[in-house]
Protein chains: 2
Amino acid sequence: MKRMARERKFSTNDLFAAVKHILIQHGYEGFTFSLLSERLEVSRGAIYKYYQNKENLITDFMVREMQLFIADLQKIEEQTGFESQFDFLLDIIFKKKEVHQLIGVAQHILASPNEEIYENKEKLKKIPLEMYQSLQGFIRLGKIEGKVKPHLPDSLLLGMILQTIAIPNHFRIPEAEWVGSIKEIISQGMFTKS
Amino acid sequence: MKRMARERKFSTNDLFAAVKHILIQHGYEGFTFSLLSERLEVSRGAIYKYYQNKENLITDFMVREMQLFIADLQKIEEQTGFESQFDFLLDIIFKKKEVHQLIGVAQHILASPNEEIYENKEKLKKIPLEMYQSLQGFIRLGKIEGKVKPHLPDSLLLGMILQTIAIPNHFRIPEAEWVGSIKEIISQGMFTKS
DNA sequence: GTTTAAAGTGACATATGTGTTACTTTGGTG
DNA sequence: CACCAAAGTAACACATATGTCACTTTAAAC
């Protein structure tokens with residue numbers, strides 16, 4: 001029989017939650033194992049038992065996090081009709097605001113010339129395409145139902161919707177009014193009907 | 001009479017151009033005096049003759065760069081009529097793509113608790129407001145001419161337009177079609193007329 | 001209670017960045 | 001051509017991050 005070891009002081013979930021917190025607070029370049037071990041309340045060395053370097057840890061985290069987000073996005077298919085899918089998408093984007101920052105981290109990793117994490121970089125590269133594919137049904141439905149202008153590129157329609165999360169709300173307009181106005185501009189534009 | 005000194009190896013413009021390049025390539029946390037001196041082909045020490053630390057250098061650069069951008073934006077007033085101002089604004093945003101990244105750097109600085117650069121931080125804080133003000137005439141004109149929906153918040157209208165620069169063009173759609181489609185969505189929306 | 005192996009620690013060598021300072025270079029002035 | 005002040009250099013002390021390793025702790029298995 002195998003002998004069990006002592007209890008772990010942090011679970012994999014604890015680890016990834018801490019990684020997420022530090023990436024959002026300090027960004028990719030500000031991420032250190034010191035900050036991470038401090039947050040997990042363990043010694044720095046303990047983390048090396050699981051990950052040999054920060055590149056592998058961060059890219060593993062990013063791949064996992066993005067896949068979780070894509071899984072959330074795919075629930076859009078449970079919504080019937082284009083308009084309720086549209087509302088669902090906007091709501092989920094604003095519920096998961098932090099994802100936008102993490103996408104910035106991912107772009108940073110892809111821009112770095114690190115060869116050690118070639119495999120994870122390849123996985124990260126595929127994420128935008130996967131996001132695009134998981135929402136392609138939504139756009140196609142809109143075009144089939146005759147609700148979305150057919151000549152606009154799918155990737156721009158999706159990019160435009162996803163990017164709205166990053167618009168800074170300097171004047172603290174209430175979330176409901178803010179999201180409502182965004183939905184109106186995206187769907188009907190900011191110009192009056194001519 | 002004052003005695004002149006030896007020739008400088010780099011001008012202030014050279015310095016700021018190098019700062020810009022490194023900030024865009026490496027971000028705020030990745031910015032180092034080593035990288036900077038390497039790019040300027042001088043020793044690290046030489047830079048300390050002009051700036052005692054990187055925070056002051058970067059915030060000085062940011063303030064200057066943002067003011068230059070705002071000066072460009074204000075040329076919008078030379079355009080007559082809301083629609084030509086709208087076209088002018090979109091064109092200038094896409095011509096100055098790098099400004100978007102620099103705004104990210106500015107937000108990073110404002111989030112840091114550094115007290116040494118209090119004065120520059122105050123100046124940076126005012127930038128979004130100044131940008132808002134320099135374009136308020138444009139939005140007001142659109143509403144007066146009856147071309148822009150009056151119930152939409154000015155800050156959202158501007159934020160939405162400025163944010164379009166960050167939409168990733170993964171499928172390399174030609175710039176002209178891309179910008180044209182963005183203008184259409186912003187003005188008329190992505191839905192067909194009902 | 002002894003054994004065992006995974007979990008965790010703390011110190012070390014190494015690397016990189018910072019800010020300072022004594023020194024050298026340069027080129028116009030007198 | 002000697003002076004001298006600004007420009008630039010290179011080395012130093014210091015700080016922080018990295019990755020490794022011998023060592024200690026822990027708790028289940030026996």
Side-chain angles (χ1 to χ4, degrees), chain A residues 1-19 21-23 25-61 105 108-109 112-118 120, chain B residues 1-19 21-23 25-61 105 108-109 112-118 120:
Chain A
M1 267 267 136
K2 250 199 198 164
R3 282 156 199 284
M4 295 300 280
R6 69 189 274 191
E7 244 181 306
R8 282 186 58 172
K9 291 179 85 178
F10 61 98
S11 66
T12 306
N13 277 343
D14 292 340
L15 177 62
F16 282 149
V19 169
H21 183 266
I22 290 165
L23 281 179
Q25 290 290 312
H26 301 267
Y28 179 74
E29 306 250 17
F31 181 98
T32 67
F33 270 28
S34 307
L35 279 170
L36 189 57
S37 66
E38 206 174 294
R39 189 164 177 84
L40 289 169
E41 294 178 293
V42 294
S43 70
R44 212 165 42 79
I47 301 167
Y48 283 91
K49 282 273 148 75
Y50 308 97
Y51 279 94
Q52 292 75 12
N53 57 60
K54 72 171 186 170
E55 282 72 30
N56 268 309
L57 170 54
I58 293 179
T59 50
D60 261 23
F61 161 78
V105 173
H108 210 293
I109 294 167
S112 85
N114 194 333
E115 279 301 322
E116 283 175 54
I117 51 167
Y118 177 79
N120 273 338
Chain B
M1 267 270 135
K2 250 199 199 162
R3 285 159 197 282
M4 295 300 280
R6 68 189 274 192
E7 245 182 308
R8 281 186 58 172
K9 291 179 85 178
F10 62 100
S11 68
T12 306
N13 276 343
D14 292 341
L15 177 62
F16 283 150
V19 169
H21 183 265
I22 290 164
L23 281 179
Q25 289 290 312
H26 301 268
Y28 179 75
E29 305 250 17
F31 181 97
T32 67
F33 270 28
S34 307
L35 278 170
L36 189 57
S37 66
E38 205 176 296
R39 188 163 179 85
L40 288 169
E41 294 178 293
V42 294
S43 71
R44 211 166 42 80
I47 301 167
Y48 283 91
K49 283 272 146 78
Y50 308 97
Y51 280 93
Q52 293 74 13
N53 56 61
K54 73 172 186 169
E55 282 71 31
N56 269 307
L57 171 54
I58 292 178
T59 50
D60 262 23
F61 162 77
V105 173
H108 210 291
I109 293 167
S112 85
N114 194 334
E115 279 301 320
E116 284 176 56
I117 50 167
Y118 178 79
N120 273 337

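Throughout, protein chains are lettered first and strands after them, A, B, ... in sequence-line order, and every chain is numbered starting at 1.
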For B:Asn53 and A:Tyr50, take the nucleotide of DNA chain C holding the closest heavy atom to each; which residue's nucleotide lies nearer the 5' end? A:Tyr50
When all nucleic acid strands are considered with a 4.0 Å heavy-atom cut-off, which category describes B:Tyr51: base, sugar-phosphate, or nothing? nothing
Could you list, one pair per line, each protein nitrogen or oxygen that sits under 3.5 Å from a nitrogen or oxygen of nucleotides 9-13 of chain C, together with the distance?
unit_1 : atom_1 : unit_2  : atom_2 : d
C:dT9  : OP1    : A:Lys9  : NZ     : 2.9
C:dT9  : OP2    : A:Ser43 : N      : 2.5
C:dT9  : OP2    : A:Ser43 : OG     : 2.9

With B:Tyr50 as partner, the option from B:Phe10, B:Phe16, B:Phe61 fulfilling ring-ring contact (aromatic ring centres under 6.0 Å, His included) is B:Phe10
Suppose we screen for ring pair (Phe, Tyr, Trp, His ring centres under 6.0 Å). Which residues come up paired with [X], at least two apart in sequence or across chains?
X       : value
A:Tyr51 : none
A:Phe31 : none
A:Phe33 : A:Tyr48

Using whole Å, what does the distance between atom [atom2] of nucleotide [N] and atom [atom1] of [X] come to?
X       : N      : atom1 : atom2 : answer
B:Glu29 : C:dT16 : CD    : P     : 19 Å
A:Asp14 : C:dA7  : CG    : P     : 14 Å
A:Phe31 : D:dT16 : CZ    : P     : 19 Å
A:Glu7  : C:dA5  : CD    : C1'   : 16 Å
B:Leu15 : D:dA7  : CG    : P     : 13 Å
A:Leu40 : C:dA7  : CG    : P     : 15 Å
B:Leu57 : C:dG17 : CG    : C1'   : 15 Å
A:Glu38 : D:dA17 : CD    : C1'   : 13 Å

Applying the side-chain contact (heavy atoms from CB on, under 4.5 Å) criterion to A:Ile117, which one of A:Thr59, A:Leu57, A:Ile58 satisfies it? A:Thr59
Nearest to the A:Lys54 side chain among D:dA7, D:dT18, C:dG8, which nucleotide is it? D:dT18
Taking all non-hydrogen atoms of both residues into account, name the closest pair between B:Leu36 and B:Val19 and its distance. CD1-N, 3.8 Å
Give a yes/no on whether any side-chain N or O of A:Tyr48 is located under 4.0 angstrom from OP1 or OP2 of D:dC21. no
Per the side chain to side chain donor-acceptor pair (under 3.5 Å) rule, what does the pair list look like for residues 27-39 of chain B, sequence neighbours excluded? B:His21-B:Arg39, B:Glu29-B:His108
